[in-house]
Every structure is written in C-alpha cells, then in structure tokens.
Amino acid sequence: MTQSFRTLGAGALGALIVAVAALSVHAGPSAAAPVTASDAATHTITVSASGRVTVVPDVARVTLGVSITLPTVKAARASAADSMTKIIAAIKKLGVADADIQTVGLSLYPQYANGSSTRIAGYTISEQLSITIRNLDNAGDVVDAATADGATDVNGISFELADPAKAMNDARASAVAAAQASAQAMATAGHVSLGSVVAITDATPPTPIFYGVKAAAPDSAATPIQVGTQDVSATVTVVFAIE
C-alpha cells in the first residue's frame with residue numbers, strides 16, 4: 001500500500017510539473033506588450049503654420065449720436081430727442097433698415113458750476129447709436145446726414161465681413177496646406193515617409209479693423225470713407241503620422 005501511495009504521489013507531482021511547464025510555454029508569446037497609443041504618438045511630426053487671405057470688407061458699423069447740455073433735465077431730454085429723431089429719419093432715407101439702427105448708449109448727468117461741488121449749472125444728456133451700413137457707398141453719406149441733422153459725436157467706424165466664416169475657412173485651408181508642406185520637408189530631411197493627418201487644432205478668432213472718423217460740419221465737403229482691405233488669418237497645429 002505504501003508503495004502505491006508513493007507511485008501515485010510521484011505521478012501527481014510529475015503531472016503538476018508538466019502542467020506548469022505547459023502554462024509557462026503558453027504564456028511566453030504574450031510577454032511582448034502591444035504598441036499603445038502613447039507609443040504611436042511618438043511616431044509623428046507636429047507642425048504649426050499660419051494662413052492668410054486678404055478680403056475687401058462689405059459691412060461698416062458707425063457709432064454716432066448727440067451730447068447736449070442745457071439748464072434743465074426737461075430741456076436737455078427734449079433737445080436730444082428732437083435731434084435723435086431727425087438723425088434716425090435722415091439715416092433711414094439712405095436705405096438703412098430699422099434692424100440696423102441700435103441704441104448703444106444713453107446717459108444723463110449734472111454739470112456743476114465752476115468752483116462748486118453742489119450747485120448744478122445744467123444737465124448733459126448723451127445718446128449714441130450703432131448703425132450697420134450694408135451698402136458701403138453710403139458710409140460717408142450716413143455720417144454727413146447725421147451730423148447735418150444734429151449729431152455731435154462720431155465715435156468710430158469699423159469694417160467687417162457679412163460672411164466671415166468663408167474667409168476664415170479659406171485662411172484655415174491655407175494654414176493646413178502650409179503645415180503639410182512644412183511636414184513634408186521635415187519628413188524628407190529625416191528620411192521617413194509622411195503619413196496621414198492624426199489631429200488638427202485651430203483657435204484663431206476673426207477680428208475687425210477699426211478706423212476713427214471725425215464729425216464733419218453740415219456745410220463741409222462729403223466725408224470720405226476708405227474701406228481698404230482686411231487680412232483674415234488662421235493658425236493651425238497639425239499632427240502627421242510617420243509611416
């Protein structure tokens with residue numbers, strides 16, 4: 001009986017050794033870890049580039065209005081209201097729509113007599129309009145008509161695009177093309193093949209160009225408005241795979 005147990009024990013031990021050996025042999029090929037995303041990211045070329053397109057603006061925005069000082073609040077309000085009514089009517093006659101005329105500033109404050117911090121000498125009221133001009137041929141006429149009918153303030157003019165998205169997309173396309181050209185040059189210099197695009201990042205906002213304009217006297221020559229051109233730029237960072 002003792003001999004039988006010894007034989008069985010030896011047999012069980014041998015089977016266990018064979019099983020462990022088999023497991024070891026089976027696990028061997030999985031020891032090499034697969035290539036991870038972080039490993040793949042090291043096989044890339046990253047390039048930043050800019051693109052630019054030059055366009056002619058087709059929309060103008062003018063800010064203008066009145067600032068009037070009179071002895072009483074009632075008189076100042078009445079005078080400003082009369083002037084603003086005439087200004088708005090004159091602007092509308094030039095084809096500017098109601099939706100393109102917006103009040104952007106309204107204030108009323110006292111004016112104190114010289115040398116006194118308590119005695120009020122009068123009241124100043126200020127009202128400002130933002131006017132969107134979609135026919136740029138009328139930009140100077142809008143300023144002239146407003147000043148002729150009582151505008152005392154012309155606080156600036158800006159030019160922009162009615163459809164800025166198209167110009168920005170053209171600038172982005174130019175930037176991506178520049179990035180690809182730079183990446184190809186780097187790949188050639190490094191004796192590698194340039195692969196497909198892995199990622200593109202872009203965060204370049206469009207910005208309008210601002211010009212200052214002074215109010216013209218009613219009997220002066222027409223106010224000249226030069227639209228000029230506007231550069232729309234985009235900067236992108238492009239990651240290319242290395243094949």
Work out which heavy atom in Thr152 is nearest to a heavy atom in Ser67; give both atom names and the distance.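 Looking at all heavy atoms of both residues, the closest pair is OG1-N, 2.8 Å.
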Does the Asp100 side chain pair with the main chain of Ile131, one donor and one acceptor, at a distance under 3.5 Å?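 Pair absent, no side-chain N/O of Asp100 close to backbone of Ile131.
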Nearest non-hydrogen partners of Val56 and Gly228, listed with the distance: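 Heavy atoms only, the tightest pair is CG1-O, 3.9 Å.
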When you group the ILVMFWY residues by side-chain heavy-atom contacts below 4.5 Å and let the links chain together, are Ile242 and Phe240 in the same group?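 Linked within one cluster.
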Could you tell me if the side chain of Ile225 sits less than 4.5 Å from the side chain of Leu136, heavy atoms only?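 They are not in side-chain contact.
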Side chain proximity check, Leu129 to Val104, heavy atoms < 4.5 angstrom: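 Not touching, per the 4.5 Å side-chain cut-off.
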Separation between CD of Glu160 and CD of Gln230, rounded to the nearest 0.5 Å: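 Interatomic distance, Glu160 CD to Gln230 CD, rounded to 0.5 Å: 8.0 Å.
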If you define the side chain from C-beta out and look only at heavy atoms, does anything of Met186 sit under 4.5 Å from Val47?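 Yes. Closest side-chain heavy atoms under 4.5 Å.
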So which pairs with a foot in residues 45-54 pass side-chain hydrogen bond (donor to acceptor under 3.5 Å, both in side chains), sequence neighbours left out?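 For residues 45-54: Ser48-Thr237, Ser50-Thr235, Thr54-Asp231.
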Any chance you could measure Asp141, atom CG, to Asn135, atom CG, to the nearest 0.5 Å?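 So the gap between those two atoms works out to 9.0 Å.
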Is it true that Val53 and Val176 fall in one hydrophobic cluster, defined by side-chain heavy atoms closer than 4.5 Å?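 No, Val53 does not connect to Val176 through the hydrophobic network.
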Any chance you could lay out the side-chain contact (heavy atoms from CB on, under 4.5 Å) test for Val192 and Leu194, step after step, and finish with the verdict? CA-CA 7 Å; Val192 296; Leu194 188 67; over 6 Å; no
Which atoms form the tightest heavy-atom contact between Ile87 and Ala151, and what is the distance?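 Looking at all heavy atoms of both residues, the closest pair is CD1-N, 3.5 Å.
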The test is side-chain contact (heavy atoms from CB on, under 4.5 Å); show your working for Val55 and Val232 and say whether it passes. CA-CA 7 Å; Val55 295; Val232 178; 4.0 Å; yes
With a 4.5 Å limit on heavy-atom distance, are the side chains of Ile45 and Val239 in contact?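 With C-beta onward as the side chain, the pair stays apart.
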Would you please name every residue forming a side-chain hydrogen bond (donor to acceptor under 3.5 Å, both in side chains) with Gln111, sequence neighbours left out?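 Applying side-chain hydrogen bond (donor to acceptor under 3.5 Å, both in side chains) to Gln111 gives Thr124.
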What's the shortest heavy-atom distance between Ser83 and Val66, and which atoms?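 Shortest heavy-atom contact: CB-CG1, 3.9 Å.
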Decide side-chain contact (heavy atoms from CB on, under 4.5 Å) for Val197 and Gln180; before the verdict, give the C-alpha distance in whole Å, the side-chain angles of both, and the deciding distance to 0.1 Å. CA-CA 9 Å; Val197 174; Gln180 187 159 19; 5.9 Å; no
State, yes or no, whether a side-chain contact exists between Val59 and Leu161 at a heavy-atom distance under 4.5 Å.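 In short, these two side chains do not touch, never coming nearer than 4.5 Å.
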Residue pair Tyr112, Ile120: steps toward the side-chain contact (heavy atoms from CB on, under 4.5 Å) verdict: CA-CA 4 Å; Tyr112 293 93; Ile120 296 176; 3.7 Å; yes
Looking just at side-chain N and O atoms, do Gln184 and Ser182 make a donor-acceptor pair shorter than 3.5 Å?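 Short answer, no.
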Any chance you could measure Met168, atom CE, to Asp170, atom CG, to the nearest 0.5 Å?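 The CG atom of Asp170 is 10.5 Å from CE of Met168, to the nearest 0.5 Å.
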Spacing of Tyr123 atom OH and Arg77 atom CZ [to the nearest 0.5 Å]: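 It comes to 13.0 Å.
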As an exercise, state the distance from CD1 of Ile133 to CZ of Phe159, rounded to the nearest 0.5 Å.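 With rounding to 0.5 Å, CD1 (Ile133) is 8.0 Å from CZ (Phe159).
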Considering non-hydrogen atoms only, spot the tightest contact between Thr118 and Ser116 and give its length.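 For Thr118 and Ser116, the tightest heavy-atom pair comes out as N-OG, 3.2 Å.
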Could you check whether any side-chain N or O of Asn155 sits under 3.5 Å from a backbone N or O of Leu64, counting only pairs where one atom can act as donor and the other as acceptor?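 No; judged by distance alone, with no hydrogens or angles, the pair does not exist.
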If you compare all heavy atoms of Ile68 against all heavy atoms of Ser79, which two are closest, and at what distance to 0.1 Å?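 Looking at all heavy atoms of both residues, the closest pair is CD1-OG, 3.4 Å.
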CE on Met84 to CD on Gln128, rounded to 0.5 Å: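 Here the rounded value is 7.5 Å.
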